[in-house]
Amino acid sequence: MTPAELSRALTDALTAAAAAGELTVDPADVPAEVRVERPKNRDHGDWATSVALQLAKKAGRPPREVATVLAQRLAQVPGIAAVDIAGPGFLNVTLDAAAAGGLARDVVEAGAAYGRGTAIAGERIDLEFVSANPTGPIHLGGTRWAAVGDSLARVLEAAGAEVTREYYFNDHGAQIDRFARSLLARAHDEPAPEDGYGGDYVSEIAGQVIAKVPGLLEEPREVQQETFRREGVELMFAEIRESLAEFGVHFDVYFHEDSLHASGAVDRALARLRELGNVYEADGATWLRTSAFGDDKDRVVVKSDGQAAYISGDLAYYLDKRERGFDRAIIMLGADHHGYVARMMAMCAAFGDVPGKNLEILIGQMVRLLKDGVPVRMSKRFGNVVTMEDLVEMVGVDAARYSLVRSSADTSIDIDVDLLVRRSNDNPVFYVQYAHARTVNVGVNAAAAGVRREDAFDPSLLVAETESLLLAALAEFPAVVARAAELREPHRVARYLEELAGKYHKFYDACRITPRSDEDVTDVHRTRLWVNDATRQVLANGLQLLGVSAPERM
RNA sequence: GCCCUCGUAGCUCAGCGGACAGAGCACCGGACUUCUAAUCCGACGGUCGCAGGUUCGAAUCCUGCCGGGGGCACCA
């Protein structure tokens, strides 16, 4: 019996009790899905729920009475061994060993599909993340969004959504000009412009442009700058894509800001907003009335010199996403951009859309890299910022991705490089990966000893404490994935895997799967092999959601 | 000044309306002649920043204060 099945049994018990007149509850007050949770305390049964507490007021009865009514009905459900009422009115449910253990087979049979759900089936989501400007390599913050964003995409897909991963390529405007001037200056051995970019990579890119365009330095200065701009951005962008590919993050769409201006999309978006009465002219500029939708002040969309302001690209980009058929556009931004949220939401509302529904903005906090207990600030190539490349070089892709995705995006984190390269329990990536490798190895040994799954599966034999704890953890996986998708918090998957790995290690420690040399193979071994393989499947499925490899040997 | 965000064990972080607040690390003590000890078992460790409020119940929600970080352009 899975938690989902138990939840259904509870809902049925509620409606049945109401129908029989044992409870006077408005059908509207019966939750569609009763939350079933794993109690922290083992003495509180396998699963617990607080529905009785929640419904007591609506039913006009003390919580414990409501609980009693439910408990009587629930106790008759096959697979449920006991239902206890505890404290103020909690229902604590204990399952038969056989009913709990049946899950092992379900998981093995579901395979890679175990954990996937249909909560947001059919929803089309555009997820934009990283979107670092092509004026330099991806820094540590962008690396965090790459890890979290890609994992979130996977989690949303597991919940049934159709997700497009998108990268907004900011190749229009003043900072690209600054980049071009920096390349030009470096090519002529001049000092970098005051507002320009530093770091060795500027020389590298400049050198590559010169190599690619022979005779460039003999051209007029303006021609040179234009060439450096065009080629430099292209090279920088290629480098970013390469870093992302190495990091295991693939985007479906790389969207160029420039194309929005070139295609007239910006003008169309403005015309649309003007029709809706949300655009006006003042002081020689064109303004968007964002203050009417919760922003502090109105925003300039076309400057008085006729140049489009940065936000105009965002307007057109958002409209474009909606016109491409996405129900929902999600954008991940660093905390240093949170000031844009209000105006972006206002912009969304100005189009007549619903902020928070059609447009969602996730703000993530900063990352610091620590080495020998002090923040790392310098990068070899990039000067004063640490890059994705640096991190991967130091700790490898798996450790980098895992450590970035295991914390909630809204806490700032410190990453200890020394810890990440350690191959021990200190390091959560290895802890989880090791558990997976162990399940594989156990499977190999079991096969060699003649323990075969297909010979028997008798879940009533799974009576050890470590077995039932492990089974309960396996049962929770689908709910964890669903919750991670709903809350846009992929870190929940990582935390769950650490817990599961721990339960598995304890199970391994206490329960042999292959018999000792002087023992015969029994149904206990065979049934435990199902549990082992179910664990391997869930660890693999979970690591896949994080974009971290599940090694077979370590 | 205004806005956002965070403040949980010595450290890094979970938990975010439910039952005595958790994990890993660090420190201390145990467990390998048979499935990987990259593991397991035990001990130690916290006025959940502070003060009010809402609730049957608050680390979790609301208000104020204190402290860290970030943001407040006709920059991108």
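Excluded from the calculations below are hydrogen atoms, water molecules and symmetry mates; all remaining heavy atoms, backbone and side chain alike, are included.
Using a 4.0 Å heavy-atom cutoff across all strands shown, Ala174(A) reaches sugar-phosphate atoms only and no base atom. Contact annotation for Asn441(A): base contact, defined as any heavy-atom pair under 4.0 Å involving a base atom. Counting any heavy atom pair closer than 4.0 Å across all strands shown, Lys503(A) reaches no nucleic acid atom. Across all strands, Ser50(A) comes closer than 4.0 Å to base atoms (heavy-atom distances). No contact: Ala435(A) has no heavy atom under 4.0 Å from any strand. Nucleic acid contact class of Gly173(A) (heavy atoms, under 4.0 Å, all strands): sugar-phosphate only. Contact annotation for Glu257(A): no contact, since no heavy-atom pair falls under 4.0 Å across all strands. Here Asn92(A) lies in heavy-atom contact (under 4.0 Å) with a base. Counting non-hydrogen atoms under 4.0 angstrom, Ser412(A) reaches the backbone sugars and phosphates but no base. Residue Ala449(A) is out of contact with every strand shown, counting any heavy-atom pair closer than 4.0 Å. Residue-level contact check: Thr411(A) touches the backbone only, with heavy atoms under 4.0 Å from sugar-phosphate atoms and none from bases. Here Arg553(A) lies in heavy-atom contact (under 4.0 Å) with a base.
Note that Arg299(A) lies outside the cation-pi zone of Trp287(A), set by a 6.0 Å cut-off to the ring centre and a 45° limit from the axis.
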Side-chain donor-acceptor distances from residues 487-494 of chain A under 3.5 Å, at least two apart:
residue   : atom : partner   : partner atom : Å
Arg488(A) : NE   : Glu360(A) : OE2          : 2.5
Arg488(A) : NH1  : Ala485(A) : O            : 2.8
Arg488(A) : NH2  : Glu360(A) : OE1          : 3.0
Glu489(A) : OE1  : Arg492(A) : NE           : 2.7
Glu489(A) : OE1  : Arg492(A) : NH2          : 2.9

Please tabulate, for the side chains in residues 514-522 of chain A, all donor-acceptor contacts under 3.5 angstrom to protein atoms that are two or more places apart in sequence or on a different chain.
residue   : atom : partner   : partner atom : Å
Glu519(A) : OE1  : Arg516(A) : N            : 3.0
Thr522(A) : OG1  : Val524(A) : N            : 3.2
Thr522(A) : OG1  : His525(A) : ND1          : 3.2

(Q) Working note: Leu333(A) + His338(A), criterion side chain to side chain contact (heavy atoms under 4.5 Å, CB included); need CA distance, chi angles, decisive distance, verdict. (A) CA-CA 7 Å; Leu333(A) 296 174; His338(A) 88 262; over 6 Å; no

Q: Might you work through the side chain to side chain contact (heavy atoms under 4.5 Å, CB included) test for Asp336(A) and Met366(A), ending with a clear yes or no?
A: CA-CA 8 Å; Asp336(A) 53 338; Met366(A) 302 300 181; 3.7 Å; yes

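Asp298(A) and Ser291(A) share a side-chain donor-acceptor pair at under 3.5 Å.
Glu194(A) CD: 12 or fewer foreign heavy atoms inside a 6.0 Å radius.
Here U12(B) is the nucleotide among C35(B), C16(B), U12(B) with the atom lying nearest to any side-chain atom of Asp414(A). Checked against C35(B), U39(B), C74(B), the side chain of His505(A) finds its nearest nucleotide in U39(B). Comparing A73(B), A19(B), U34(B) by their closest approach to the side chain of Arg516(A) singles out U34(B). Side chain of Ile413(A), nearest nucleotide from C13(B), G15(B), C40(B): C13(B).
For the atom pair CD1 of Ile513(A) and OH of Tyr508(A), the computed distance is 8.5 Å after rounding to the nearest 0.5 Å. Here the straight-line distance linking atom CG of Leu469(A) with atom CD of Glu499(A) works out to 10.0 Å at 0.5 Å rounding.
A stacked arrangement is assigned to Tyr508(A) and the six-membered base ring of C35(B), with a centre-to-centre distance below 5.5 Å and an interplanar angle below 30°. The aromatic ring of Tyr431(A) is not stacked on the base of A38(B), since the criterion of ring centres less than 5.5 Å apart with planes inclined by under 30° is not met.
Every stem involving RNA chain B, taken as at least 3 paired positions in a row under the Watson-Crick or G-U wobble test at 3.5 Å, is listed here: B:1-7 with B:66-72, B:10-13 with B:22-25, B:28-31 with B:39-42, B:49-53 with B:61-65.
With a glycosidic angle further than 90° from 0, C20(B) counts as anti.
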Quick test: give all pairs of protein nitrogen or oxygen and nucleotides 20-22 of chain B nitrogen or oxygen below 3.5 Å, distance rounded to 0.1 Å.
residue : atom : partner  : partner atom : Å
C20(B)  : N4   : Asn41(A) : ND2          : 2.2

Mind listing the N/O atom pairs, protein and nucleotides 3-5 of chain B, below 3.5 Å?
residue : atom : partner   : partner atom : Å
U5(B)   : O2'  : Gln365(A) : NE2          : 3.2

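The side chain of His491(A) places an N or O atom within less than 4.0 Å of a non-bridging phosphate oxygen (OP1 or OP2) of G15(B).
Less than 4.0 Å separates RNA chain B from at least one heavy atom of each of the following residues of residues 280-295 of chain A: Asp283(A), Ala285(A), Trp287(A).
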